[in-house]
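A short write-up of the structure that comes next.
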Amino acid sequence: MYSKWFDEYHKKYANLQINYQPIGSGGGIKQVTEGTVDFGGTDGPMNDDQLKAFQDKHGFGILHFPRCSAPPFPPTTFPVSTRL
């Protein structure tokens, strides 16, 4: 999914290139904590120890934001409005 997003972004902004390597959640967390990358994807949020390691190394916290729902996340139902 990230590769598709970045390819489309590059089409719109040709002067910007994003190099994303899908190496797995553990590898992404490790690289972003070490500071060798600016972005890391993972299937789940970092745990408390991982968050602390990042904070200790960089002096600031890291932001988590969901990209999409995919396994192993459980399905979620949302109330549907009948008044649209």
Side-chain angles (χ1 to χ4, degrees):
M1 179 172 293
Y2 290 122
S3 295
K4 175 67 174 169
W5 287 348
F6 299 148
D7 287 345
E8 293 299 315
Y9 194 82
H10 182 66
K11 287 178 188 175
K12 187 168 183 175
Y13 303 99
N15 61 330
L16 185 93
Q17 183 68 41
I18 299 172
N19 180 7
Y20 171 67
Q21 302 295 318
I23 62 169
S25 295
I29 291 170
K30 182 176 186 274
Q31 286 184 337
V32 79
T33 300
E34 290 173 349
T36 57
V37 298
D38 296 315
F39 165 83
T42 178
D43 291 332
M46 294 167 69
N47 65 36
D48 289 343
D49 290 338
Q50 293 165 330
L51 292 170
K52 183 176 182 331
F54 184 94
Q55 173 82 33
D56 290 348
K57 179 161 180 82
H58 300 280
F60 54 87
I62 190 167
L63 297 176
H64 285 147
F65 59 94
R67 75 227 186 278
C68 63
S69 181
F73 297 108
T76 304
T77 57
F78 299 97
V80 177
S81 173
T82 57
R83 299 181 297 156
L84 294 176

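- Applying the salt bridge (Lys or Arg N to Asp or Glu O under 4.0 Å) test to K11 and every residue at least two apart in sequence or in another chain returns E8.
- Residues L16 and H10 approach most closely at O-ND1, 2.6 Å, considering heavy atoms.
- We find that K52 and D56 are joined by a salt bridge, their nearest charged nitrogen and carboxylate oxygen being less than 4.0 Å apart.
- Checked against ring pair (Phe, Tyr, Trp, His ring centres under 6.0 Å), H58 has the following partners two or more places apart in sequence or in another chain: F54, F60.
- Put simply, the side chain of Q50 does not reach to within 4.5 Å of the side chain of T33, judged on heavy atoms.
- A donor-acceptor pair shorter than 3.5 Å can be found between the side chains of N19 and Q21.
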Would you be so kind as to tabulate the donor-acceptor pairs closer than 3.5 Å made by side chains of residues 24-31, with sequence neighbours excluded?
from : atom 1 : to  : atom 2 : distance (Å)
S25  : OG     : T42 : OG1    : 3.3
S25  : OG     : D43 : N      : 2.9
K30  : NZ     : E34 : OE2    : 3.0

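- Within 6.0 Å of the CG atom in D38, the count of heavy atoms belonging to other residues, nucleotides or ligands does not exceed 12.
- Taking F39 as the reference, Y2, F6, Y20 meet the side chain to side chain contact (heavy atoms under 4.5 Å, CB included) condition, with sequence neighbours excluded.
- Partners of K57 under the salt bridge (Lys or Arg N to Asp or Glu O under 4.0 Å) rule, at least two apart in sequence or in another chain, do not exist in this structure.
- Remark: Y13 pairs with Y9 by the ring pair (Phe, Tyr, Trp, His ring centres under 6.0 Å) rule, at least two apart or across chains.
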